[in-house]
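The structure appears below as structure tokens.
The figures here come from the full heavy-atom set of this structure, side chains too, leaving out hydrogens, waters and symmetry mates. Start at 1 with the first residue, then count along the sequence.
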Amino acid sequence: MVMSVAIEGFLLGSGLIIAIGAQNAFVLRQGLKREHVFAVATICWLSDAFLIAVGVAGAGRLVRASPVLLTWITAGGVTFLLAYGGLAFLRAFRPSRLEAAQSQRKAFSAVILTALALTFLNPHVYLDTVVLLGSLSARHTGASAVAFAAGATMASFVWFYGLGFGARLLAPLLARPAAWRVLDLAIAIVMWWIAIRLAIEVFASPGAAWHSGR
């Protein structure tokens with residue numbers, strides 16, 4: 001059961017992280033230039049891990065304190081996941097591409113500051129990690145909550161290190177709209193699948209999920 005919760009966290013984390021944006025483009029660019037790749041990937045990953053932990057420990061505990069609030073938050077999460085999946089599905093029909101423009105070599109300090117800025121000055125990072133993942137983790141307690149956070153953190157680890165160190169292999173693929181079409185379709189399916197699971201727990205057996213200790 002704990003493993004299934006970890007997989008759920010991994011899939012949710014993956015769906016939220018894998019998207020075209022400034023942070024991913026920056027990691028890809030550093031990978032292509034082979035410039036401070038480990039430091040950049042580590043900053044992005046540890047930042048996600050910290051924010052996910054804050055969300056699971058803080059938002060999760062706060063929401064768990066009120067069964068009614070937990071039900072509404074979960075229902076809101078279902079709505080969000082359905083909408084997010086819908087947007088990913090629509091993006092699949094108008095795919096973009098992830099490009100990493102070449103630039104001059106930057107100092108280590110400048111690269112680190114840029115990575116931190118693209119992470120902590122991005123409001124979507126807090127929405128995805130602290131608010132959404134933190135709230136959805138409230139359905140789990142104890143070891144299950146830790147497993148959920150670990151799964152989401154592992155998704156961040158795999159993505160950022162894979163994108164950074166695999167940049168030269170991934171760049172041609174991520175520059176193709178067809179690749180993003182497949183990714184967006186996969187994200188849509190995963191988000192909808194998790195939303196349906198949550199909806200079943202909320203409406204088919206109200207209250208049961210809150211005390212299952214999963």
Side-chain angles (χ1 to χ4, degrees), residues 4-28 44 48 51-52 55-56 59-60 63 68-99 118-119 121-140 148-149 151-156 158-160 162-163 170 173-206 208-210 214:
S4 66
V5 174
I7 293 174
E8 177 185 326
F10 183 88
L11 293 175
L12 268 174
S14 298
L16 296 172
I17 293 169
I18 301 175
I20 294 177
Q23 186 187 49
N24 285 333
F26 179 71
V27 175
L28 179 62
C44 293
D48 268 9
L51 293 173
I52 290 170
V56 172
V63 174
V68 174
L69 179 60
L70 182 56
T71 300
W72 279 104
I73 286 292
T74 304
V78 169
T79 302
F80 178 87
L81 292 175
L82 289 173
Y84 192 93
L87 291 175
F89 184 78
L90 292 176
R91 285 200 308 268
F93 293 94
R94 292 187 300 175
S96 301
R97 63 183 68 201
L98 182 59
E99 298 177 339
L118 290 175
T119 299
L121 297 182
N122 181 1
H124 292 290
V125 170
Y126 299 97
L127 175 63
D128 294 344
T129 56
V130 178
V131 178
L132 181 60
L133 289 176
S135 298
L136 292 179
S137 72
R139 301 178 303 111
H140 310 294
F148 182 91
T153 300
M154 181 56 64
S156 177
V158 171
W159 175 251
F160 286 121
L163 184 61
L170 293 174
L173 177 64
L174 297 180
R176 297 170 53 190
W180 287 98
R181 178 180 288 114
V182 173
L183 274 175
D184 282 328
L185 285 174
I187 289 172
I189 292 172
V190 168
M191 295 298 103
W192 287 339
W193 173 68
I194 294 176
I196 291 172
R197 282 190 55 197
L198 290 176
I200 291 175
E201 289 185 0
V202 171
F203 300 111
S205 182
W210 320 142
R214 293 184 304 151

How close do A92 and R181 get, counting heavy atoms only, and between which atoms?
O-NE, 2.9 Å
Looking at R91 and D184, what are the two nearest heavy atoms and their distance?
NH2-OD1, 3.0 Å
Measuring from atom CD1 of I52 to atom CE of M154, what distance do you get when rounded to the nearest 0.5 angstrom?
11.0 Å
Could you tell me which non-hydrogen atom of C44 sits nearest to which non-hydrogen atom of T119, and how far apart they are?
SG-OG1, 4.2 Å
I need the minimum non-hydrogen distance between L133 and F148, along with the two atoms involved.
O-CE2, 3.5 Å
Which atom pair, heavy atoms only, marks the closest approach of G85 to A188?
O-CB, 3.2 Å
Residues in side-chain contact (heavy atoms from CB on, under 4.5 Å) contact with A195, at least two apart in sequence or another chain
V78, L81, L82
Nearest-0.5 Å distance that lies between atom CG in L12 and atom CD1 in I7:
12.5 Å
N24 and L163 have their tightest heavy-atom pair at O-CD2, 3.5 Å
Side chain to side chain donor-acceptor pair (under 3.5 Å) partners of S156, counting only residues at least two apart:
D48
